[in-house]
Amino acid sequence: DVKVTQSSRYLVKRTGEKVFLECVQDMDHENMFWYRQDPGLGLRLIYFSYDVKMKEKGDIPEGYSVSREKKERFSLILESASTNQTSMYLCASSLSTSGSRELFFGEGSRLTVL
Amino acid sequence: RKEVEQDPGPFNVPEGATVAFNCTYSNSASQSFFWYRQDCRKEPKLLMSVYSSGNEDGRFTAQLNRASQYISLLIRDSKLSDSATYLCVVNMFSGAGSYQLTFGKGTKLSVIP
């Protein structure tokens, strides 16, 4: 089975702190994604990556950056956390670029910024 | 403009009922269509893909109407375990040589004993 592992299930940070959310997948998938999910807004794409050291902005990249140094690992970075970044963050991976392949999600990281 | 719209919900139905969810999408260049299921406090998981000819998986039937840009999911003989949020997902060519999945906001289903 595909496994997507997010390093932290729950985090509490203070405004202005730098936050790292780590995601690792074990199925050699090319594509990795970071979403945030908020009540009433659904899932929104922050960044995605189709290859190592490659990244593309999604719909809401402001305030975030990403790193993909290895194929299996995709990190989301909040350079200076703000209260409006309190959310559930979901990492996902998929096999191909055609978009017809299933998206596999991690269990999510619930971030609270005080 | 990328957009996927779903029934607002919530749907509260008794066990054994048949329930239908609808979804419309704005981008006629959309290529692939899916229904995902998300249980409370869990991650989304693929329920089924949606094909032009319509497809069935047990009690679940998915339909696609490309002309109307409309997708549906029908659940027959609802079970308590069907209680979840159902996400309509559309894969659109983004014009940058890549595809991008766009999620609807989801429809919550509660099946009541």
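Lettering of chains follows the sequences in order, A, B, ..., and the numbering in each one begins at 1.
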In Å and rounded to the nearest 0.5 Å, what is the OG to CG distance from A/S94 to B/N91?
9.0 Å
In this structure, CD of A/Q37 is separated from CZ of B/F103 (nearest 0.5 Å) by 9.0 Å
Heavy-atom distance under 4.5 Å to chain B: side chain of A/L45, backbone, both or neither?
side chain
Between CG of A/L90 and NZ of B/K42, what distance do you get to the nearest 0.5 Å?
12.5 Å
Heavy atoms from other residues, nucleotides or ligands near NZ of A/K71 exceed 12 (cutoff 6.0 Å):
yes
Find out if a path of hydrophobic residues (ILVMFWY) with successive side-chain heavy-atom gaps under 4.5 Å connects B/L80 to B/L109.
yes
Taking atom OH as the centre, does B/Y70 end up with more than 12 heavy-atom neighbours from other residues, nucleotides or ligands that are less than 6.0 angstrom away?
yes
Give a yes or no on whether A/L43 and A/Y64 share a hydrophobic cluster (residues Ile, Leu, Val, Met, Phe, Trp, Tyr; joining criterion: side-chain heavy atoms under 4.5 Å apart).
no
Any chance you could measure B/K105, atom NZ, to A/R44, atom CZ, to the nearest 0.5 Å?
9.5 Å
Which atom names give the shortest non-hydrogen contact between B/R41 and A/R9, and what distance separates them?
O-NH2, 4.5 Å
In this structure, would B/L87 and A/Y35 fall into the same cluster of hydrophobic residues linked by side-chain contacts under 4.5 Å?
yes
Quick check: is A/V66 connected to A/I60 through a chain of hydrophobic side chains (ILVMFWY, heavy atoms under 4.5 Å apart)?
yes
Going hydrophobic residue to hydrophobic residue with side-chain gaps under 4.5 angstrom, can you get from B/V50 over to B/F60?
yes
Roughly how far, to the nearest 0.5 Å, is CG of A/L103 from CD of B/E43?
11.5 Å
Engaged part of B/F33 at the chain A interface, taking heavy atoms whose separation is under 4.5 Å
neither
Hey, what do you get for CG (B/L101) to CZ (A/F48), rounding to the nearest 0.5 Å?
10.0 Å
